[in-house]
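A short write-up of the structure that comes next.
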Amino acid sequence: MSGLRVLVCCPNGAGVSLMMESVLRRVAAELGLELARLDHGSICQGAKTAGAYDLVLCPAELVSHLRDWEGQADIIGLNNPLSRREMRELLAVYCRNTN
């Protein structure tokens with residue numbers, strides 16, 4: 001898979017999402033994923049712009065805020081948004097299912 005457009009979201013868009021972005025960069029490199037675009041922001045931003053991305057990552061408890069974008073952007077909720085292992089496992093499944 002190449003050229004993936006990803007948005008990572010957290011409640012305020014300043015703390016957890018920025019750290020998630022860093023984790024995602026490492027995980028993408030491990031999985032050989034090319035990231036055409038990687039942004040981080042608040043869940044409000046995600047709820048407004050998710051359709052511009054292929055994939056949105058956020059804490060699991062925030063997924064319901066993005067339900068309007070199902071079918072336009074794939075949404076992955078993480079139980080531990082900073083877990084490299086969880087993110088790698090879920091992204092590997094995502095890649096297998098989208099190829």
Side-chain angles (χ1 to χ4, degrees):
M1 177 177 296
S2 65
L4 196 61
R5 298 169 300 153
V6 182
L7 174 65
V8 291
C9 298
C10 72
N12 296 314
V16 173
S17 63
L18 185 57
M19 291 184 281
M20 285 174 65
E21 181 179 331
S22 176
V23 172
L24 179 56
R25 286 185 191 282
R26 284 183 268 151
V27 168
E30 291 170 6
L31 295 174
L33 294 176
E34 180 185 336
L35 299 174
R37 180 176 177 186
L38 175 55
D39 297 317
H40 72 276
S42 70
I43 195 65
C44 292
Q45 175 189 356
K48 292 176 185 173
T49 64
Y53 298 90
D54 301 309
L55 178 63
V56 179
L57 297 173
C58 65
E61 64 270 12
L62 299 178
V63 169
S64 63
H65 296 279
L66 301 169
R67 290 286 182 221
D68 290 343
W69 293 104
E70 285 182 327
Q72 294 180 40
D74 292 311
I75 300 164
I76 295 177
L78 297 149
N79 292 316
N80 180 350
L82 302 181
S83 169
R84 193 164 135 189
R85 185 174 131 210
E86 181 184 5
M87 191 179 292
R88 184 175 43 249
E89 289 171 359
L90 292 173
L91 280 176
V93 169
Y94 172 80
C95 291
R96 280 194 303 270
N97 291 337
T98 56
N99 281 332

Minimum heavy-atom distance [X]-[Y], with the two atoms named:
{"X": "P59", "Y": "C10", "value": "CD-CA, 4.3 Å"}
{"X": "L4", "Y": "Y94", "value": "CD1-OH, 3.9 Å"}
{"X": "G41", "Y": "L7", "value": "N-CD1, 4.2 Å"}
{"X": "L55", "Y": "I75", "value": "CD1-N, 4.5 Å"}
{"X": "C95", "Y": "L33", "value": "SG-CD2, 3.3 Å"}
{"X": "G77", "Y": "L90", "value": "O-CD1, 4.0 Å"}

Working to the nearest 0.5 Å, report the span between [atom1] of [X] and [atom2] of [Y].
{"X": "L78", "Y": "E61", "atom1": "CG", "atom2": "CD", "result": "10.0 Å"}
{"X": "L91", "Y": "R96", "atom1": "CG", "atom2": "CZ", "result": "11.0 Å"}
{"X": "E30", "Y": "L24", "atom1": "CD", "atom2": "CG", "result": "10.5 Å"}

- List in chain and number order the residues that pass side chain to side chain donor-acceptor pair (under 3.5 Å) with R5, two or more places apart in sequence or in another chain; answer none if no residue qualifies. D54

- Message: Is there a continuous path of hydrophobic side-chain contacts, each under 4.5 Å between heavy atoms, that joins L82 to L31?
- Response: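 Yes.
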
- Is a side-chain donor or acceptor of S83 paired with a backbone partner of E86 at a separation under 3.5 angstrom? yes

- Task: Return the set of residues passing salt bridge (charged side-chain N to carboxylate O under 4.0 Å, His left out) with E89 (not counting sequence neighbours), or none when no residue passes.
- Result: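 Partners of E89 under the salt bridge (charged side-chain N to carboxylate O under 4.0 Å, His left out) test: R85.
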
- Determine, stepwise, if the pair L66 / C58 fulfils side-chain contact (heavy atoms from CB on, under 4.5 Å). CA-CA 10 Å; L66 301 169; C58 65; 3.9 Å; yes

- Query: Knowing that exactly one of V6, D39, V8 qualifies, which makes a side-chain contact (heavy atoms from CB on, under 4.5 Å) with Y53?
  - Reply: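 When V6, D39, V8 are each tested with Y53, the side-chain contact (heavy atoms from CB on, under 4.5 Å) holds only for D39.
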
Side-chain donor-acceptor pairs of residues 12-23 under 3.5 Å, sequence neighbours excluded:
from: S17; atom 1: OG; to: G13; atom 2: O; distance (Å): 3.4
from: E21; atom 1: OE1; to: H40; atom 2: ND1; distance (Å): 2.7
from: E21; atom 1: OE2; to: R25; atom 2: NH2; distance (Å): 2.9

